[in-house]
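In what follows, chains carry the letters A, B, and so on, assigned in the order in which the sequence lines appear, proteins first and then strands, with residues in each chain numbered from 1. Any value given below was found using the heavy atoms of this structure, including those in side chains, with hydrogens, waters and symmetry copies removed.
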Amino acid sequence: MIVLVTDFGLGDEYVGVMKGVICSINPEVKIIDLTHGISSQDIIWAGIVVYKTCKFFPQGSIFLIVVDPGVGTERDIIIMKAGGYYFIAPDNGVLSLIYEKFNPEIIVKAEKKNYTLQPVSCTFHGRDIFSPLAAHLSRGENVLQMGDKVDRIVRIKFPQPQIREKEIIAAVIHIDRFGNLITSLDREEFEKLGWRRFKIEYKGRTIDEISSCYDTGKDLIAIWESKNFLEIAKPGGCAQEYLQAKPGDEIRIVKLG
Amino acid sequence: MIVLVTDFGLGDEYVGVMKGVICSINPEVKIIDLTHGISSQDIIWAGIVVYKTCKFFPQGSIFLIVVDPGVGTERDIIIMKAGGYYFIAPDNGVLSLIYEKFNPEIIVKAEKKNYTLQPVSCTFHGRDIFSPLAAHLSRGENVLQMGDKVDRIVRIKFPQPQIREKEIIAAVIHIDRFGNLITSLDREEFEKLGWRRFKIEYKGRTIDEISSCYDTGKDLIAIWESKNFLEIAKPGGCAQEYLQAKPGDEIRIVKLG
Amino acid sequence: MIVLVTDFGLGDEYVGVMKGVICSINPEVKIIDLTHGISSQDIIWAGIVVYKTCKFFPQGSIFLIVVDPGVGTERDIIIMKAGGYYFIAPDNGVLSLIYEKFNPEIIVKAEKKNYTLQPVSCTFHGRDIFSPLAAHLSRGENVLQMGDKVDRIVRIKFPQPQIREKEIIAAVIHIDRFGNLITSLDREEFEKLGWRRFKIEYKGRTIDEISSCYDTGKDLIAIWESKNFLEIAKPGGCAQEYLQAKPGDEIRIVKLG
């Protein structure tokens with residue numbers, strides 16, 4: 001199975017053409033769209049989404065991630081085997097989280113010329129290089145045959161909340177279609193702190209607890225969203241509009257008592 | 001075949017993750033997106049779309065409807081066999097039309113714990129509960145094994161035009177991407193009345209007949225749209241912009257002679 | 001394989017219903033969405049996209065093109081075998097480029113009545129006529145059995161740059177999700193001219209060369225995009241916003257020396 005993640009949107013033909021290329025090489029393979037709604041060139045969010053959701057896909061799935069501001073330049077293309085999955089992506093840092101958390105078994109720098117379409121354009125490597133690589137891998141090609149082994153990849157910093165003794169400063173990192181505000185505070189990280197009493201402050205408002213459902217009796221809630229980030233939501237409404245929120249907004253969690 | 005209907009949109013990864021869960025349980029099943037463009041939490045329109053279009057899918061198809069304002073609360077989840085199809089949805093009224101029109105063979109309240117992912121989040125039952133239920137059903141699980149039989153479901157009112165002796169008051173219930181205005185007046189219901197001469201009034205304009213094509217010689221037409229609702233359209237243009245229309249607008253059909 | 005191209009968007013259920021109809025007739029066939037983001041009734045761009053991208057799909061693929069301002073009128077429906085592919089579309093000119101460039105082997109005017117759903121609506125031939133035709137063809141129906149042979153189709157003019165001795169006048173014909181401006185100048189056509197030195201003028205700006213990558217050191221570039229049209233782009237940014245560009249804008253290429 002090939003799982004696609006791009007910032008191409010669905011308004012143009014780009015994703016459809018990639019599927020045509022894949023099916024030309026491997027007509028049998030199943031293709032799933034994880035999302036094509038990554039904001040243009042947002043390798044941070046693409047990396048987070050893949051890291052947080054890959055476990056919901058069958059082992060052996062091939063994640064093809066084409067969020068590639070460097071298309072047409074000499075940046076490398078990485079094929080990584082990690083956590084029972086394969087990841088194919090430009091070597092621009094989008095795989096940093098996977099690299100750090102999953103302890104990769106194999107990393108190769110793809111040797112493009114045996115697999116790419118001819119000629120290779122300089123504007124659409126998703127079609128000419130990435131899709132053929134994924135399709136050949138899905139046909140059973142040995143990843144070690146597909147390029148030279150490497151130990152390192154380009155790594156970038158992902159948003160981390162600042163955790164102090166009595167205060168956490170996190171940020172809004174994504175706003176979904178319901179207007180829910182997804183922040184950089186991860187549940188596991190927070191629960192390790194063992195804080196019993198705390199309050200959450202955002203835009204002059206205070207939330208006293210973390211809810212376990214979208215309780216419509218409340219004006220504004222905090223809740224662990226589906227990827228286990230802290231989310232600010234307005235039950236039955238749109239927190240983004242209500243609070244005039246935007247990505248980058250700061251949110252404070254303060255320890256009490 | 002599993003047919004998905006949600007209000008998740010395609011900008012986020014939610015639909016993709018549901019497909020990952022389904023394929024992890026049943027790698028062979030075909031998945032079709034009926035639509036993910038239902039307006040946020042609009043169970044009325046979701047119910048109408050499924051009721052009006054399910055007949056175009058193969059018998060035995062499983063419709064998985066995740067429009068679920070009550071996610072994380074104690075609302076039940078229903079599996080209904082009706083009209084040769086299966087429907088899985090929150091028990092929030094979205095299945096009312098199917099229930100009323102199709103004379104269900106079997107209704108069960110899903111016993112979640114044998115099928116759900118662990119742990120179950122409180123924000124994404126589409127992934128943790130609904131998708132596994134659909135996937136197991138698609139693998140041939142007996143619906144009677146999947147929960148306790150029930151006789152009733154939550155029912156809600158769907159928009160009904162007011163039909164009087166010489167007048168019908170209907171409403172705009174949906175506006176599609178072409179700007180066509182879909183109203184609550186159903187063709188079958190209207191034709192039963194046997195009105196020979198009538199006029200249609202909307203926003204100070206009068207339409208004298210129901211057209212049988214998008215006749216570009218006309219400024220504004222009424223036509224039976226693909227789900228057999230009366231539609232107001234501007235041939236070659238956008239009725240929504242032209243008339244500043246919005247859902248809820250009232251439309252009058254007046255009997256003449 | 002059936003490849004869908006429509007102007008239906010993905011906000012409504014129209015595309016999903018077409019897939020239901022196709023799978024009801026041929027449950028085994030693979031369906032790929034090339035794009036549903038064609039602007040409403042834009043047969044020009046639909047024709048260009050199909051002509052330029054069909055080669056990336058497996059031979060034998062059936063392209064089903066439903067961009068159909070004349071739905072419900074007496075316009076014909078064409079099935080064309082050309083270039084190793086099948087194309088099904090309204091006879092409204094959308095296939096002109098395929099017709100001119102691919103030297104069709106077979107063209108038939110579809111005899112609808114053996115294949116269509118009953119009853120046929122006047123608003124959704126994509127569901128009632130086009131999808132059944134594609135599905136039956138994908139099951140191996142002989143195209144010559146599906147209608148009467150014809151020699152001609154409706155043809156329309158596609159945007160052509162004006163090429164003079166020392167000047168080319170082209171136009172912006174499409175703007176993609178990244179805000180890149182795709183123009184009507186085709187690479188092959190331009191390279192035949194053999195111009196060594198030239199400049200590109202657009203909105204008072206001058207670009208001196210055609211780049212081979214999105215060089216972020218530059219303010220504005222010209223580049224051959226993935227369908228081999230000349231594209232104006234702002235590396236790392238959005239040319240559309242930056243230049244207040246819109247489809248139809250004129251662009252000049254001037255020969256130097």
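Proximity to chain A (any heavy atom under 4.5 Å) is shown, for Leu4(C), by neither the backbone nor the side chain. Only the backbone of Asp33(C) has a heavy atom closer than 4.5 Å to any heavy atom of chain A. If you measure heavy-atom distances from Phe8(A) to chain C, the contacts under 4.5 Å come from both the backbone and the side chain. If you measure heavy-atom distances from Ile25(A) to chain C, you find no contacts under 4.5 Å at all. For chain C, no part of Glu74(A) is nearby; none of its heavy atoms comes within less than 4.5 Å.
Between chain A and the residues Tyr214(C), Trp45(C), Phe178(C), the most heavy-atom pairs under 4.5 angstrom are made by Phe178(C). Interface remark: of the candidates Gly16(A), Pro27(A), Ser131(A), Ser40(A), Gly16(A) forms the most heavy-atom pairs closer than 4.5 Å to chain C. Per-residue heavy-atom pair counts under 4.5 Å with chain C were compared for Pro69(A), Cys122(A), Gly70(A), and the maximum is reached by Cys122(A).
Remark: Lys234(C) engages Asp219(C) in a salt bridge, criterion side-chain N to carboxylate O under 4.0 Å. Contact check on Lys52(A) versus Glu225(A) returns no salt bridge, with no Lys/Arg side-chain nitrogen under 4.0 Å from an Asp/Glu carboxylate oxygen.
Tyr51(C) OH to Tyr99(C) OH: the interatomic distance, rounded to the nearest 0.5 Å, is 15.5 Å.
When Leu133(A), Ile88(A), Ile79(A), Ile107(A) are each tested for a side-chain contact (heavy atoms from CB on, under 4.5 Å) with Val143(A), only one passes: Ile79(A).
Ring centers of Tyr85(A) and Phe63(A): under 6.0 Å apart, within the cut-off. Residues Tyr14(C) and Phe124(C) place their aromatic rings such that the two centres sit under 6.0 Å apart.
Within residues 182-198 of chain C, the residues having any heavy atom closer than 4.5 Å to a heavy atom of chain A are Ile182(C), listed by residue number.
Under 3.5 Å, the side chains of His125(A) and Arg75(A) contain a donor-acceptor pair of N or O atoms. Side-chain polar atoms of His136(C) and Asn26(C) form no donor-acceptor pair below 3.5 angstrom. If you check the side chains of Asp128(A) and Ser121(A), you find a donor sitting under 3.5 Å from an acceptor.
At a threshold of 4.5 Å between non-hydrogen side-chain atoms, the residues Leu34(A) and Phe57(A) count as touching.
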